[in-house]
Asker: 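Quick one: the structure is below, questions incoming.
By convention in this document, chain letters (A, B, ...) are assigned in the order of the sequence lines, proteins followed by strands, and residues within each chain are numbered from 1. Nothing here was measured: the structure is a model prediction, and the numbers come from that model. As a basis for the values below, the full set of heavy atoms in this structure was taken, side chains included, without hydrogen atoms, waters or symmetry mates.
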Amino acid sequence: MAAHSSPLSAVSPGSPILDASGIRNALRRIAHEIIERNQPDLGAIVLAGIPSRGVEIARRLARLIEELAQVPVATGIIDVAMHRDDVGKRANLPMVQASRLPVPLDGRTVIIVDDVFYTGRTTRAAMDAIGTFGRPARIQLATLIDRGHRELPIRADYVGKNLPTAMGERVRLRLENVDAEPDAVWLIKEEKA
Amino acid sequence: MRWSRKDLVGIRELSAEEITFVLDTAAAFKQVGTRDVKKVPALRGKTLVNFFVEPSTRTRTSFELAAKRLSADVINISATTSSLTKGETLKDTAKILEANHADIIVLRHSSAGAPQFLAERLRASVINAGDGAHEHPTQALLDLYTIRERRGSIAGLHVAIVGDILFSRVARSNIFALLKLGARVTLVGPSTLVPRVFERLGVTVSHCIDEVLPTVDVVHLLRVQHERQRKEYFPGIGEYIRLFGLTKARAKLLKADCLIMHPGPINRGVEIDSDLADGVQSVILAQVTNGLAVRMAVLYLCGGIASR
């Protein structure tokens, strides 16, 4: 789920499930796994972030991988709004952003980077979007949080933290550079207005 | 903000924020044109009817291509092939289009207000592709997009619109849009076609193009509409060129980075010198390319929200 755009509820978020150092450790672990899984072609990976927090996470992962493996890593942006399956079913539409991927994609491994992995529909839309840029050798998925409740047969390759949730709960993620708040993840019970 | 309009009837009723929202969305759709597969599934399963009661090739083609790139199904109906010639009313024709499950109706009509009339009566989205001398909103949006792309922003720019303002829906939509986004607008032309009453809109009126050209960042030349002209308004081609045509000599008055725009089709040698139309300051072809992106954005936004 790229969009956490519901207005901030009045509920106090309580104590976070992950704080800044927890997020840092989770991303470091993902970076190690990406390096391990993609040898010897680490230079062929593209980290494609889903706006807006996925883009920031992709940027951080790229920097970590470059530090750890001394290999330059390409990043990109994959906006899924125009590939979603619920266009025409919403009362209003969010901003679409321009996608940007290094092309040609042939022979490359595109790693979709999302903040919270939920139904799988965003991931499906991202895979479709990537297909319009070319035919990568493979597509993988990295996510900071996997909250379960899949509606499609899709799984993540790299997970920062598995977070079992109920349907009525909401994962609230804040990242510096995106939200102007310190890094943290909360699990919040959605209050019906 | 989020988009919540089903119709685009005019620029006049849009806020500056909404205009900017469309332009930003268009930037995302312009990128689609650079992909291997220049098509996205956003409007898959929707039907768009291009309903052109007044002839047009470029606007209709642009809407058609935009719809196809969004995976919509497209039907084209022109005045001569529709039952309008048999006396059916506009509303009845539109009801029949809707009964055929048209989700989006793109309307070009010689009567001002026709799109508004349909928008209020139909569940389908109605997009104004030009109604009489009223508005041509997607043309203004693509003009603004082109200016913003070249100059970074609209606010603070000085834009001259030259020619037949009185009968021009392109001019009206551009005036509304430019003023909302903070540009300064000067209208230039013979007093018959550019009466002073336009100053009530918040623009400056001038009848002397040579005084205006050195001060502008954009010069927007309107087509001399031979088909609409009546003798009493129009000075005659030779005189028009001499007084208001952008000739090579006049172009020397322009700032080096001034953009030359024209909504097309161009009367080469009339409102603009032929070489200038193809010159470095001309963004006429960019306008066409951007028109596709802007129309994709408008169709996506208006056609993409749930029908009420």
Asker: Between the side chains of B:Asp257 and B:Arg151, is the shortest nitrogen-to-carboxylate-oxygen separation below 4.0 Å, so that they form an ion pair?
Answerer: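 Yes, B:Arg151 and B:Asp257 are salt-bridged.
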
Asker: If the plane angle is over 60° it's perpendicular, under 30° parallel, otherwise tilted; pick one for A:His149 and A:Tyr118.
Answerer: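 Judged by the thresholds at 30° and 60°, the geometry between A:His149 and A:Tyr118 is perpendicular.
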
Asker: Go through the atoms of A:Val103 and report whether side chain, backbone, both or neither lie under 4.5 Å from a heavy atom of chain B.
Answerer: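 Contact with chain B: none, neither part.
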
Asker: Quick check: under 4.5 Å, non-hydrogen atoms only, which of residues 31-41 of chain B neighbour chain A?
Answerer: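 Only B:Gln31, B:Val32, B:Arg35, B:Asp36, B:Val37, B:Lys39, B:Val40, B:Pro41 of residues 31-41 of chain B have a heavy atom under 4.5 Å from chain A.
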
Asker: For B:Glu135 and B:Arg169, what are the C-alpha separation, side-chain angles and deciding distance, and is it a salt bridge (Lys or Arg N to Asp or Glu O under 4.0 Å)?
Answerer: CA-CA 4 Å; B:Glu135 284 227 39; B:Arg169 54 197 175 211; over 6 Å; no

Asker: Contact between B:His220 and B:Pro263 at the side-chain level, heavy atoms closer than 4.5 Å - yes or no?
Answerer: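 They are in side-chain contact.
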
Asker: Evaluate salt bridge (Lys or Arg N to Asp or Glu O under 4.0 Å) for A:Arg53 paired with A:Asp183, printing each intermediate quantity in order.
Answerer: CA-CA 11 Å; A:Arg53 297 195 187 88; A:Asp183 288 2; over 6 Å; no

Asker: Count the heavy atoms belonging to other residues, nucleotides or ligands that lie under 6.0 Å from CG of B:Leu285, then report whether that count exceeds 12.
Answerer: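 Open: at most 12 neighbouring heavy atoms sit under 6.0 Å from CG of B:Leu285.
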
Asker: Using non-hydrogen atoms only, which part of A:Ala125 is less than 4.5 Å away from chain B: side chain, backbone, both, or neither?
Answerer: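 Contact with chain B involves no heavy atom of A:Ala125 at all.
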
Asker: Is there a side-chain contact between B:Asp24 and B:Arg148, using heavy atoms and a 4.5 Å cut-off?
Answerer: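 B:Asp24 reaches B:Arg148 side chain to side chain.
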
Asker: Select all residues of residues 55-76 of chain A having any heavy atom within less than 4.5 Å of some heavy atom of chain B, and report them by number, or 'none'.
Answerer: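 Answer by number: none.
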
Asker: Heavy-atom pairs under 4.5 Å with chain B are the metric here; pick the option from A:Ser99, A:Pro104, A:Ala98 that has the most.
Answerer: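 Option with the greatest count: A:Ser99.
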
Asker: Do B:Leu142 and B:Arg295 have side-chain heavy atoms sitting under 4.5 Å apart?
Answerer: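 Result yes, sub-4.5 Å side-chain heavy-atom pair found.
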
Asker: Mind listing the side-chain donor-acceptor pairs of residues 23-32 of chain A below 3.5 Å, one per line with the distance, residues two or more places apart or on another chain?
Answerer:
from, atom 1, to, atom 2, distance (Å)
A:Asn25, ND2, A:Ser21, O, 3.3
A:Arg29, NH2, A:Gly160, O, 2.7

Asker: Give me the contact list for residues 131-148 of chain A versus chain B, heavy atoms only, anything under 4.5 Å, ordered by residue number.
Answerer: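 Under the 4.5 Å heavy-atom cut-off, A:Gly131, A:Thr132, A:Phe133, A:Gly134 qualify.
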
Asker: With a 4.5 Å cut-off on side-chain heavy atoms, are A:Arg108 and A:Pro102 touching?
Answerer: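 Yes, close enough: below the 4.5 Å cut-off.
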
